[in-house]
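The structure appears right after this line, and notes come after that.
Residue numbers run from 1 in the order of the sequence given. Note that the coordinates shown come from a computational prediction; the quantities given were computed from them, not determined experimentally.
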Amino acid sequence: QVQLVESGGGLVQAGDSLTLSCTASGRTFSNYAMAWFRQAPGKEREFVAAIRRSGTNPYYGDSVKGRFTMSRDNAKNTVTLQMNTLKPEDTAVYYCAADSRIILSSLRDSVHWDYWGQGTQVTVSS
């Protein structure tokens, strides 16, 4: 089992920046690819970003590409999501996910990720 705890959410204004963190425990962190998803009320869970075990070449959803940056620190068992130029449409609950066997063709689909955090709310006011 892998336990994931997100932090850093809050209420910000459009154009502001915010950094989310996800800390993992329970298993060897570097064995897991990590991802961020988000879910707004009434909408399906949306892929935000994912990162390999090594931390190289993160993948991003089209709606956040160029504004969000995902990174990981395997020594600290932590991934972060730096969110810049936030928009009201970024408002959602943001979830951290982990999986040890995810493949490239599946990483954008939430059903393929095994472990999830409880989520952290991000609200962007206009």
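- If you take CD on Glu6 and OG1 on Thr80, they are separated by 13.5 Å, rounding to the nearest 0.5 Å.
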Kindly determine whether Met34 and Cys22 satisfy side-chain contact (heavy atoms from CB on, under 4.5 Å), including the steps that lead there. CA-CA 9 Å; Met34 302 294 296; Cys22 172; 4.2 Å; yes
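- Rounding to the nearest 0.5 angstrom, the gap separating the CG atom in Asn84 from the CG atom in Asp16 is 10.0 Å.
- Taking the side-chain contact (heavy atoms from CB on, under 4.5 Å) definition, one finds that Ser105 meets it with Ile103, sequence neighbours left out.
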What do the steps show when you test Leu81 against Val48 for side-chain contact (heavy atoms from CB on, under 4.5 Å), and what is the final call? CA-CA 9 Å; Leu81 184 69; Val48 175; 4.0 Å; yes
Verdict with supporting geometry, Thr69 and Met83, side-chain contact (heavy atoms from CB on, under 4.5 Å): CA-CA 7 Å; Thr69 302; Met83 305 185 293; over 6 Å; no
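- Relative to the six-membered ring of Phe29, Arg72 meets both conditions, a distance below 6.0 Å and an angle of at most 45° to the axis.
- Heavy-atom minimum distance, Leu4 versus Ala24: CD2-CB, 3.6 Å.
- No donor-acceptor pair under 3.5 Å is formed between the side chain of Thr120 and the backbone N or O of Tyr94.
- With sequence neighbours left out, Tyr59 forms a ring pair (Phe, Tyr, Trp, His ring centres under 6.0 Å) with no residue at all.
- Nearest approach of Ser30 to Asn74, heavy atoms of both residues: CB-ND2, 3.8 Å.
- Not one N or O on the side chain of Tyr115 forms a donor-acceptor pair closer than 3.5 Å with the backbone of Cys96.
- A donor-acceptor contact under 3.5 angstrom links the side chains of Thr123 and Gln121, judged on distance only.
- Looking at Asp90, Thr91, Leu20 one by one, the single match for side chain to side chain contact (heavy atoms under 4.5 Å, CB included) with Val122 turns out to be Leu20.
- Counting heavy atoms from C-beta on, the side chains of Leu107 and His112 never come closer than 4.5 Å.
- Looking only at atom types and distance, the side chain of Ser71 has no donor-acceptor partner in the side chain of Gln82 under 3.5 Å away.
- Thr23 and Asn77 form no side-chain donor-acceptor contact under 3.5 Å, judged by distance and modelled atom types alone.
- Note that the CD atom of Gln13 and the OG atom of Ser125 stand 4.5 Å from one another [nearest 0.5 Å].
- Between Ile102 and Tyr32 there is no side-chain heavy-atom pair separated by less than 4.5 Å.
- Taking each heavy atom of Ser126 and Pro88 in turn, the nearest pair found is CB-CG, 3.8 Å.
- Here the side chain of Ser63 pairs no donor or acceptor atom with the backbone of Gly61 at under 3.5 angstrom.
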Does the pair Arg38 and Lys43 meet the rule for a side-chain contact (heavy atoms from CB on, under 4.5 Å), with working shown? CA-CA 10 Å; Arg38 67 186 182 186; Lys43 295 188 176 182; over 6 Å; no
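- Side-chain atoms of Leu86 and Leu18, non-hydrogen and from C-beta on, do get closer than 4.5 Å to each other.
- Screening Trp113, Phe37, Phe68 for a ring pair (Phe, Tyr, Trp, His ring centres under 6.0 Å) with Phe47, the sole residue that qualifies is Phe37.
- Thr78 and Ser21 make their closest contact through CG2-CB, 4.4 Å (heavy atoms, listed as atom of the first residue, atom of the second, distance).
- For Glu89, the salt bridge (Lys or Arg N to Asp or Glu O under 4.0 Å) criterion is met by no residue, not counting sequence neighbours.
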Stepwise side chain to side chain donor-acceptor pair (under 3.5 Å) test for Asn31 and Ser100: CA-CA 6 Å; Asn31 287 343; Ser100 62; over 6 Å; no
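- In Lys65, the NZ atom is crowded: over 12 heavy atoms of neighbouring residues, nucleotides or ligands sit closer than 6.0 Å.
- Gln118 places no side-chain N or O within donor-acceptor distance of the main-chain N or O of Val5, the cut-off being under 3.5 Å.
- Side-chain contact check for Arg53 and Thr28: no donor-acceptor pair (N or O, by modelled atom type) lies under 3.5 Å.
- Tyr95 and Trp116 have perpendicular rings, their planes meeting at more than 60° on a 0 to 90° scale where under 30° would count as parallel.
- The CE atom of Met70 lies 8.0 Å from the OH atom of Tyr60; values are rounded to the nearest 0.5 Å.
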